[in-house]
S.K.: 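This structure is in structure tokens; I'll ask about it shortly.
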Amino acid sequence: MQVSITVNGTARTDDVPPRLLLAHYLRDTCGLPATNIGCDTTSCGACTVLLDGESVKSCTVLAVQADGRAVTTLEGLAGTADQLEDGMHPVQAAFRAEHGLQCGFCTPGMVMATTALLAENPNPDEQAVRTALEGNICRCTGYHNIVRSVLRAAEALR
């Protein structure tokens, strides 16, 4: 099947198998490795991307379901930022500043989920952050620094 998807602001048209997952399309067809695949069951959130601005787990979305739509991955996030700090989106900069990452495997999904959260709720409290990110698993940080990162990003974006 042929799909036309805008990926990180660039329109693409590709032939894909009908059952190709969006995560594999982004990684293998588009060459965007930040969309990590950790579970294929929507459990971990490492594959989270924005589909028309909404946070989705790309391991359970088919590429054909994204036809005619816009996908933003971690690689494209800085290009969408109104404010950049060292070439990074404010959410990325906050994760760096607050040490909201360890091994980095979950980080792309956490950053993308955070971006969607802050677009919907620009002033979350700690409980709102924890609730919004409960679908993203981090095995390294214990979430304290991640929550601080999200709150810092919210402040930077206001």
Side-chain angles (χ1 to χ4, degrees), residues 5-10 21-61 63 65-66 69-158:
I5 303 172
T6 301
V7 179
N8 296 331
T10 302
L21 292 174
L22 182 58
H24 294 292
Y25 171 77
L26 294 168
R27 290 180 61 81
D28 302 334
T29 304
C30 300
L32 300 169
T35 303
N36 291 320
I37 301 165
C39 66
D40 285 328
T41 63
T42 74
S43 297
C44 75
C47 68
T48 302
V49 298
L50 302 181
L51 182 60
D52 290 337
E54 299 280 330
S55 175
V56 300
K57 294 178 181 177
S58 63
C59 72
T60 58
V61 175
Q65 291 175 291
R69 301 175 77 185
V71 175
T72 305
T73 68
L74 184 72
E75 292 93 342
L77 191 58
T80 66
D82 292 331
Q83 306 165 288
L84 292 178
E85 179 181 314
D86 296 331
M88 290 187 284
H89 186 278
V91 173
Q92 293 169 311
F95 269 72
R96 181 183 68 179
E98 294 293 335
H99 308 288
L101 56 107
Q102 292 293 315
C103 78
F105 192 80
C106 72
T107 305
M110 289 283 187
V111 168
M112 299 312 291
T114 296
T115 302
L117 163 65
L118 296 179
E120 184 178 311
N121 179 359
N123 194 26
D125 61 15
E126 181 178 334
Q127 186 56 45
V129 171
R130 290 184 182 277
T131 299
L133 296 181
E134 66 185 8
N136 292 71
I137 297 173
C138 176
R139 292 172 176 91
C140 300
T141 68
Y143 299 96
H144 300 294
N145 290 349
I146 291 170
V147 172
R148 284 202 324 253
S149 298
V150 176
L151 296 173
R152 183 177 183 142
E155 185 177 311
L157 287 167
R158 284 195 287 271

S.K.: At their closest point, which heavy atom of Cys47 faces which heavy atom of Thr35, and how far apart are they?
M.R.: O-CG2, 3.6 Å
S.K.: Of all the heavy-atom pairs spanning Leu157 and Pro90, show the shortest one and how long it is.
M.R.: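 Residues Leu157 and Pro90, closest heavy atoms: CD2-CG, 3.6 Å.
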S.K.: In the structure I gave you, are the side-chain heavy atoms of Tyr143 and Met110 within less than 4.5 Å of one another anywhere?
M.R.: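 A side-chain contact exists here, since the closest heavy-atom pair is under 4.5 Å.
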S.K.: Arg139: which residues meet the salt bridge (charged side-chain N to carboxylate O under 4.0 Å, His left out) condition with it, sequence neighbours left out?
M.R.: none
S.K.: If only atom types and distance count, is the side chain of Asn36 paired as donor or acceptor with the main-chain N or O of Phe105 below 3.5 Å?
M.R.: yes
S.K.: Atom NE2 of His99 and atom OG of Ser149: how far apart are they, to the nearest 0.5 Å?
M.R.: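 So the NE2 of His99 and the OG of Ser149 are separated by 9.0 Å.
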S.K.: By side-chain contact (heavy atoms from CB on, under 4.5 Å), which residues pair with Ala66, not counting sequence neighbours?
M.R.: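 Ala66 satisfies side-chain contact (heavy atoms from CB on, under 4.5 Å) with Ile5, Leu22, Leu51, Val71 once adjacent residues are dropped.
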S.K.: Quick check against the 3.5 Å criterion: does Arg148 have a side-chain atom that pairs as donor or acceptor with the backbone of Gly100?
M.R.: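 Absent.
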S.K.: Going by the rule side chain to side chain donor-acceptor pair (under 3.5 Å), which residues pair with Ser43 if we only count those two or more places apart in sequence or in a different chain?
M.R.: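 Counting only residues at least two positions away or on another chain, Ser43 forms a side chain to side chain donor-acceptor pair (under 3.5 Å) with Thr41.
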S.K.: Per the side chain to side chain contact (heavy atoms under 4.5 Å, CB included) rule, which among Thr72, Val49, Leu74 passes with Asn8?
M.R.: Thr72
S.K.: Would you mind telling me which of Asn136, Val129, Leu133, Thr48 makes a side chain to side chain contact (heavy atoms under 4.5 Å, CB included) with Thr114?
M.R.: Leu133
S.K.: So which heavy atom on Ala153 is nearest to which on Leu118, and how close?
M.R.: CB-CD1, 3.8 Å
S.K.: Find out whether Asn145 and Phe95 are in side-chain contact, i.e. whether some heavy atom of one side chain is under 4.5 Å from a heavy atom of the other.
M.R.: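 The answer is no; the side chains never approach within 4.5 Å.
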S.K.: Heavy atoms only: give me the nearest Leu21-Ser58 pair and the separation to one decimal.
M.R.: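 Looks like CB-O, 4.1 Å.
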S.K.: Of all heavy-atom pairs between Gly53 and Ala116, which one has the smallest distance, and what is that distance?
M.R.: O-CB, 4.3 Å
S.K.: Check this for me, if you would: do Glu134 and Arg130 make a salt bridge, where the nitrogen-to-carboxylate-oxygen distance has to be below 4.0 angstrom?
M.R.: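 Looking at Arg130 together with Glu134, the answer is no, because their closest N to O distance does not fall below 4.0 Å.
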S.K.: Could you tell me if the side chain of Tyr25 sits less than 4.5 Å from the side chain of Leu32, heavy atoms only?
M.R.: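 No, their side chains stay 4.5 Å or more apart.
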S.K.: At their closest point, which heavy atom of Glu75 faces which heavy atom of Ala34, and how far apart are they?
M.R.: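 Heavy atoms of Glu75 and Ala34 come nearest at OE2-N, 2.8 Å.
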S.K.: State, with a plain yes or no, whether a side-chain heavy atom of Met112 is found less than 4.5 Å away from one of Leu77.
M.R.: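 Counting from C-beta outward, Met112 and Leu77 do come under 4.5 Å.
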S.K.: Hey, what do you get for SG (Cys44) to CD1 (Ile37), rounding to the nearest 0.5 Å?
M.R.: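 Rounded to the nearest 0.5 Å, the SG-CD1 separation comes out at 9.5 Å.
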S.K.: About how many Å separate CG of Asp125 and CG of Leu151, when rounded to the nearest 0.5 Å?
M.R.: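 That separation rounds to 8.0 Å.
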